[in-house]
There are 2 protein chains.
Amino acid sequence: MRIVVARCTVDYEGRLAAHLPEAVRLIMVKADGSIAIHADGGAYKPLNWMNPPNTVNEDPECWTVTNPRGEKLVINIAEILSDVSHELGGDPGLRKDGVEAHLQELLAADPSVLEEGYRLVRREYPTAVGPVDLLCRDAAGAAVAVEVKRRGETNGVEQLSRYLEFLNADPALQPVQGMLVAEEIKPQARVLADARGIRCKVVDYSALRGTKPEDLRLF
Amino acid sequence: MRIVVARCTVDYEGRLAAHLPEAVRLIMVKADGSIAIHADGGAYKPLNWMNPPNTVNEDPECWTVTNPRGEKLVINIAEILSDVSHELGGDPGLRKDGVEAHLQELLAADPSVLEEGYRLVRREYPTAVGPVDLLCRDAAGAAVAVEVKRRGETNGVEQLSRYLEFLNADPALQPVQGMLVAEEIKPQARVLADARGIRCKVVDYSALRGTKPEDLRLF
DNA sequence: GACTCTATCTCGGTA
DNA sequence: TACCGAGGTAGAGTC
C-alpha cells in the first residue's frame with residue numbers, strides 16, 4: 001500500500017463526470033490497484049476513487065488512471081508532501097454475525113417459531129420478480145410467503161407484495177398469505193402491511209440463536 | 001489526518017458484530033474523528049470503521065473507540081510499524097455532472113424527447129406520497145407521470161406505482177399513464193413495469209446534453 | 001431529528 | 001459475466 005500526500009486537482013470521467021479543485025489530499029494506492037483520494041473528513045468515503053483493475057500512467061505532475069470499463073481518473077499533482085509505501089500482506093478478512101442471512105437460516109431450520117405448525121417448502125423460492133426468502137405451508141396446508149429482514153421497513157413490504165402478486169397467479173399455490181419477519185418493524189411498515197393484508201412478526205435474533213446448536217454460531 | 005500502520009486485531013459491536021483476526025493493516029484517523037481500517041485491497045471500503053462523532057481511549061496496546069449510538073470498536077495493537085500525521089486543511093469539495101437531477105433537468109426542458117407531442121405540466125408535481133419527477137400531457141391531452149432514474153430498477157417501478165395510485169384518484173387528471181425513464185433499465189424492472197401497465201423508455205444522457213445549450217453544463 | 005431517496009454506491013451470491 | 005439483493009450502507013435534501 002502506497003500513501004501519497006499531495007496538493008492536487010482531480011478529474012473523473014466515467015459513470016459520471018466529477019472535478020476536484022486544488023487542495024492537499026491523501027492518495028491511497030492499494031496492492032490490487034485501487035485508488036482512493038481522501039480529504040480530512042467525511043467518514044470513510046473518499047472524494048474520488050477508481051476500482052480495480054486499473055492501469056496507472058505516472059508522470060511526475062500527472063497521474064492518469066484508466067480501467068477496462070472506460071473510466072478515467074486524472075490527478076494533476078502540484079506538490080508532493082509525502083510518499084511512502086508499506087507491505088501489508090494478505091488479510092484474513094472480516095467475520096460478521098447478526099446479518100439477515102443468519103436470521104433466515106435460523107428461521108428455515110425451525111419455521112414453527114413463526115407460527116405453530118409452519119413447515120418449510122423452500123428457501124429462496126423463485127418468482128419472476130426475484131426469490132422469496134421462505135415459502136412455508138401453515139398447519140392447514142395453505143401457502144405463506146415469508147420475507148425476512150433485520151429491520152422491517154416499507155421497502156420490505158413492497159418487496160413481499162411484489163412476490164405475492166406473482167405467487168397468487170400460480171393456481172398450485174394460491175391463495176398465498178404474506179408475512180414480514182424482522183427484529184424490529186417500523187410503524188410505517190406495519191401500517192402498510194396491514195393495508196395489504198400482510199402479517200408482521202417480530203423475532204429476537206439472539207434469543208433464537210441461543211436455542212440453536214453451536215454449529216450455527218460464528219464466535 | 002493520522003496514518004498508522006500496525007499489526008492488530010479488531011472487534012466491532014454495534015449494528016452487528018464483526019471480528020478481524022490479527023494482520024497488518026492501515027488505520028486512518030481523520031480530523032473529524034472518523035476511523036477506518038484498511039487492508040491492501042478491496043476498493044475504497046474499509047474492513048471496519050467508526051463514523052464520527054467518536055470518543056477514542058488510546059492505550060498503547062488497545063484503542064477503544066465509542067460513539068453516542070452505543071457502537072464500539074476495539075483495536076488491539078500487537079505492533080506499530082508506522083505512525084505519521086499530516087495537516088491537510090479543508091477541502092473545496094467535489095463537483096459532479098451527470099446525476100439524476102441533471103437528467104431530469106434536460107427532460108423537463110424538452111419532454112418531446114420522451115414522445116412526440118409531450119408537454120410539461122410541472123416538475124416535482126406533488127402527491128400525498130411524494131413528488132412525481134415530471135408530470136406531462138401527451139399529444140391527446142392525457143396525463144403522464146414520468147419517473148426519471150439513472151438506472152431503472154424495481155424500486156423505481158414501485159415508486160411510480162405509488163404516485164399513479166394517488167394521481168389516478170384525482171378526477172382532474174385521471175386516467176394517468178406511467179412512464180419509467182432511465183439510461184439503462186434492468187430486466188426485472190421491465191417485467192414489473194409491464195405487469196403494472198407502465199411504459200419504459202431508455203434515454204442517453206450525453207446525447208441529450210449534446211443537443212442542449214451551454215448553460216446546462218457544469219464544466 | 002426523522003424520513004426519503006440517490007449512489008461512480010460496494011459487496012457477495014448465483015445463474 | 002451480468003443480474004440481483006443486502007448493507008454497520010453513507011450522504012444529501014426535505015419536512
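First the proteins, then the strands, lettered A, B, ... as listed; each starts at 1.
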### Task
Between D:dA10, C:dA7, D:dG5, spot the one nearest the side chain of B:W49, thanks.
D:dA10

### Short N-O contact, B:R209 and B:E105, less than 4.0 angstrom
no

### A:E61 atom CD: more than 12 heavy-atom contacts under 6.0 Å
no

## Note on the structure
Considering only heavy side-chain atoms of B:P187, the closest of C:dA7, D:dC3, D:dT9 is D:dC3

### Query
Tell me, what's DNA chain D's dot-bracket, Watson-Crick or G-U with both distances under 3.5 Å, | for other-strand, [ ] crossing?
|||||||.|||||||

### Task
Check every strand shown and say whether A:G130 touches a base, only sugar-phosphate, or nothing at a heavy-atom separation below 4.0 Å.
sugar-phosphate

### Message
Below the 4.0 Å mark, does D:dG7 have OP1 or OP2 next to a side-chain nitrogen or oxygen of A:R151?
### Response
no

### Task
State whether B:N51 places a side-chain N or O below 4.0 Å from either non-bridging phosphate oxygen (OP1 or OP2) of D:dA10.
yes

### Separation of D:dT9 C1' from B:Y44 OH (nearest whole Å)
9 Å

### Message
For the backbone of A:V56 and the side chain of A:N54, can you confirm whether one donor and one acceptor N or O come within less than 3.5 Å of each other?
### Response
no

### Query
To the nearest Å, how far apart are A:D133 CG and D:dA6 C1'?
10 Å

### Message
Nearest to the side chain of B:K45, heavy atoms from C-beta on, is which of C:dC5, D:dC3, C:dC11?
### Response
C:dC11

#### Entry: Phosphate OP1/OP2 of C:dC5 contacted by B:R162 side-chain N/O (<4.0 Å)
yes

### Message
Would you measure the distance from the P atom in D:dC4 across to the matching atom in D:dG8 and give it in whole Å?
### Response
22 Å

### Closest-nucleotide 5' rank along DNA chain C - winner of A:K186 and B:G98
A:K186

### Query
For the pair made of OH in B:Y12 and P in D:dG7, what is the distance, rounded to whole Å?
13 Å

### Query
Heavy-atom contacts under 4.0 Å between residues 188-203 of chain B and DNA chain C, which residues?
none

### Message
I need the NZ-P distance between B:K149 and C:dT4, as an integer number of Å.
### Response
14 Å

### Message
Would you say B:S206 and B:D204 are linked by a side-chain donor-acceptor pair, where the criterion is simply a distance under 3.5 Å?
### Response
yes

### Message
Within the structure provided, determine whether A:D40 and B:D91 are in side-chain contact (heavy-atom separation under 4.5 Å).
### Response
no

### Query
Is there a donor-acceptor contact under 3.5 Å from the side chain of B:K30 to the main chain of A:A43?
yes

### Task
Let me know which of A:N67, A:T66, A:T64 forms a side chain to side chain contact (heavy atoms under 4.5 Å, CB included) with A:T55.
A:T66

### Query
With A:A78, which residues qualify under side-chain contact (heavy atoms from CB on, under 4.5 Å), at least two apart?
A:R7, A:E22

### Query
Knowing that exactly one of A:D133, A:V132, A:L135 qualifies, which makes a side chain to side chain contact (heavy atoms under 4.5 Å, CB included) with A:E124?
A:D133

### Query
Among D:dA10, D:dG8, C:dA7, which nucleotide sits nearest the side chain of B:V99?
C:dA7

### Message
Please confirm whether the shortest side-chain N or O distance from A:R150 to OP1 or OP2 of D:dG7 is below 4.0 Å.
### Response
yes

### Query
Just how far, in rounded Å, is C1' of C:dA15 from CD of A:E124?
13 Å

### Query
Separation of B:L47 atom CG from D:dT9 atom P, in whole Å?
17 Å

### Task
Provide, to the nearest angstrom, the distance between the CD atom belonging to A:E147 and the P atom belonging to D:dG5.
10 Å

### Query
B:I185 has an atom CD1; how far is it from atom P of D:dC4, in whole Å?
13 Å

### Task
Respond yes when some side-chain nitrogen or oxygen of B:R69 is under 4.0 Å from OP1 or OP2 of D:dG8, and no when none is.
no

### Task
Fit a plane to each ring of A:Y44 and B:W49, take the angle between them on a 0 to 90° scale, and name the class: parallel (under 30°), tilted (30 to 60°) or perpendicular (over 60°).
perpendicular

### Message
Please pick, from C:dC9, D:dA6, D:dG8, the nucleotide with the shortest atom-to-atom distance to any side-chain atom of A:R15.
### Response
C:dC9

## Note on the structure
Heavy-atom nearest nucleotide on DNA chain C taken for B:Q159 and for B:A43; more 5' hit belongs to B:Q159

### Task
May I ask you to check whether B:R199 and B:Q177 show a side-chain donor-acceptor distance below 3.5 Å?
no

